[in-house]
Amino acid sequence: MKAALVAADGSLLHRARRATGRERGPEAVVEGILDFAAELRAHGARHLGQEAAAAGVAVPGIVDEERGVAAYAANLGWRDVPLRDLLAERLGVPVALGHDVRTGGLAEGRIGAGKGADRFFFVPLGTGIAGAIGIDGRVEAGAHGFAGEIGHIVVRPGGLACPCGQRGCLERFASASAVSQAWAEACGDPDADAADCAKAVESGDARARAVWQEAVDALADGLVTALTLLNPRTLIIGGGLAEAGETLFAPLREAVRRRVTFQKLPSIVPAALGDTAGCLGAGLLAWDLLNTSTTFRR
């Protein structure tokens with residue numbers, strides 16, 4: 001878990017980390033979040049002269065932002081946790097609840113790589129692939145909270161089975177975990193990962209280049225579908241795979257360019273905020289609660 005005290009302009013005043021503790025069960029995770037938030041409130045009072053005026057929390061899985069409920073998270077084992085109300089009761093301040101990827105996208109759009117762009121699409125490439133649709137300083141959740149799930153666009157019909165129930169989903173080919181698996185099989189080292197694959201690409205390894213290009217091509221297919229539907233001004237790529245820098249971005253920009261026809265080619269840029277994006281986005285959600293003029297949908 002990553003947490004922060006965030007100023008009105010989005011700057012970090014204090015940040016901290018602690019283990020999620022999911023091995024102790026979902027109730028322990030919830031209690032850990034509540035305790036962590038209370039510690040931050042106390043830190044603000046002791047070291048900054050005042051407690052936080054509001055709180056924001058971003059969680060994975062299915063999130064009902066309007067009701068403030070963490071509906072489901074497979075990795076954490078919880079269902080229908082009224083996290084907003086639990087935090088509000090513990091802290092005594094207004095609380096906003098958001099989805100981790102959309103919240104990270106909110107931060108990238110307002111104060112990160114998408115700053116100044118009226119339309120952007122944020123895509124983190126990690127264990128899976130998700131997305132956040134940015135429109136005029138807010139992030140669109142969709143009618144049921146599922147907007148932006150680009151990882152489950154089918155790019156290879158009949159391909160690898162996905163836990164979502166489909167076959168050939170983008171995240172089965174272009175996520176960091178997918179590249180790690182493919183490279184481990186190609187090089188014969190079960191401990192090899194996507195970062196190792198990127199290094200091998202840079203050294204000219206033909207097997208690594210083949211694995212990498214397959215992922216880039218799948219990602220480009222998914223991104224072109226997204227830009228056809230959304231027409232973003234900026235595509236922001238983050239997550240572990242983006243840490244490869246131009247080893248990823250140079251072939252990806254070219255692959256997308258080759259695929260567009262009538263579509264307007266967006267800027268394709270790396271995320272700027274790294275793993276602090278979620279913290280900063282949660283802080284922005286909290287500030288939005290205190291700003292009645294905000295247009296962010298909750």
Side-chain angles (χ1 to χ4, degrees), residues 1-2 17 20 58-61 63 73-75 98-114 120-134 139 147-153 155 162-164 169-184 192-199 201-202 211-227 230 232 234-253 255-256 266-282:
M1 294 189 290
K2 294 175 283 289
R17 295 172 182 248
T20 306
V59 297
V63 182
N75 288 340
H99 182 269
D100 57 351
V101 172
R102 289 195 294 270
T103 302
L106 177 69
E108 285 288 353
R110 286 197 194 171
I111 60 177
F120 70 88
F121 190 45
F122 169 59
V123 182
L125 309 173
T127 303
I129 298 177
I133 302 167
V139 171
E149 290 291 347
I150 187 177
H152 298 290
I153 288 177
V155 294
C162 180
C164 79
C169 287
L170 175 61
E171 70 175 41
R172 296 294 288 119
F173 297 91
S175 63
S177 58
V179 174
S180 294
Q181 181 178 346
W183 177 234
D193 61 14
D196 296 322
C197 185
K199 291 175 184 175
V201 169
E202 292 161 7
V211 168
W212 197 258
Q213 193 60 50
E214 181 178 358
V216 167
D217 286 340
L219 181 57
D221 288 340
L223 290 177
V224 170
T225 297
L227 69 88
L230 302 174
T234 305
L235 280 173
I236 305 169
I237 310 297
L241 215 56
E243 294 177 6
E246 286 303 300
T247 300
L248 173 67
F249 284 92
L252 179 61
R253 291 186 184 108
V256 172
S267 299
I268 302 177
V269 300
L273 303 176
D275 67 358
T276 63
C279 278
L280 290 167

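No hydrogens, no waters, no symmetry mates; every other heavy atom, side chains included, goes into these values. As the structure is a computational prediction, the values presented were derived from the model and not from experiment.
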Legend entry - Distance in Å, Arg253 CZ paired with Leu248 CG, rounded so as to fall on 0.5 Å steps: 9.0 Å
Inset, instruction - Only counting residues at least two apart or in another chain, list the ones meeting salt bridge (charged side-chain N to carboxylate O under 4.0 Å, His left out) with Asp100. - result: none
Inset, instruction - Report the residue from Leu235, Leu241, Leu223 that forms a side chain to side chain contact (heavy atoms under 4.5 Å, CB included) with Leu252. - result: Leu223
Legend entry - Heavy-atom pair of closest approach, residues Pro251 and Thr247: CG-O, 3.2 Å
Legend entry - Backbone of Gly114 reached by a side-chain donor or acceptor of Glu108 within 3.5 Å: no
Inset, instruction - Taking all non-hydrogen atoms of both residues into account, name the closest pair between Cys162 and Glu171 and its distance. - result: SG-OE2, 4.4 Å
Inset, instruction - Mind checking side chain to side chain donor-acceptor pair (under 3.5 Å) for Asp196 and listing every partner two or more places apart, or none if nothing turns up? - result: none
Inset, instruction - Supply the atom-to-atom distance Asp217 CG to Trp212 CH2, rounded to the nearest 0.5 angstrom. - result: 13.0 Å
Inset, instruction - Please identify each residue that fulfils salt bridge (charged side-chain N to carboxylate O under 4.0 Å, His left out) with Glu214, with sequence neighbours left out. - result: none
Legend entry - Phe120 side, atom CZ; Ile133 side, atom CD1 - distance, nearest 0.5 Å: 10.0 Å
Inset, instruction - Calculate, to the nearest 0.5 Å, the distance between atoms CD1 and SG belonging to Ile150 and Cys169 respectively. - result: 11.5 Å
Inset, instruction - For the residue pair Glu202 and Glu246, establish whether any side-chain heavy-atom pair is separated by less than 4.5 Å. - result: no
Inset, instruction - Could you list the residues that satisfy side chain to side chain contact (heavy atoms under 4.5 Å, CB included) with Glu243, not counting sequence neighbours? - result: none
In residues 266-280, what donor-acceptor pairs under 3.5 Å come from side-chain atoms, sequence neighbours left out?
from, atom 1, to, atom 2, distance (Å)
Asp275, OD1, Arg17, NH2, 3.3
Asp275, OD2, Arg17, NH2, 2.6
Thr276, OG1, Leu273, O, 2.6

Legend entry - Partners passing side chain to side chain contact (heavy atoms under 4.5 Å, CB included) against Thr225 (at least two apart in sequence or in another chain): Ile153, Leu229
Legend entry - Under 3.5 Å: donor-acceptor pair, side chain of His99, backbone of Ala58: no
Legend entry - Under the side chain to side chain donor-acceptor pair (under 3.5 Å) test, residues paired with Ser180 that sit two or more places apart: none
Inset, instruction - Compare every heavy atom of Gly281 with every heavy atom of Ala107, then report the nearest pair and how far apart it is. - result: CB-N, 3.5 Å
Legend entry - Under 3.5 Å donor-acceptor, Ser175 side chain and Gly128 backbone: no
Inset, instruction - Find out whether Leu227 and Phe121 are in side-chain contact, i.e. whether some heavy atom of one side chain is under 4.5 Å from a heavy atom of the other. - result: no
Legend entry - Listed partners of Ala182 passing side chain to side chain contact (heavy atoms under 4.5 Å, CB included), at least two apart: Val211
Inset, instruction - Return the minimal non-hydrogen interatomic distance between Ala215 and Val179, and the atom names on each side. - result: CB-CG2, 3.6 Å
Inset, instruction - Output all residues satisfying side chain to side chain contact (heavy atoms under 4.5 Å, CB included) with Ala130, sequence neighbours left out; order by chain, then residue number. - result: Val101, Glu149
Legend entry - Residues forming a side chain to side chain donor-acceptor pair (under 3.5 Å) with Thr234, sequence neighbours excluded: none
Legend entry - Heavy-atom check, side chain of Leu219 versus side chain of Phe173, under 4.5 Å: no
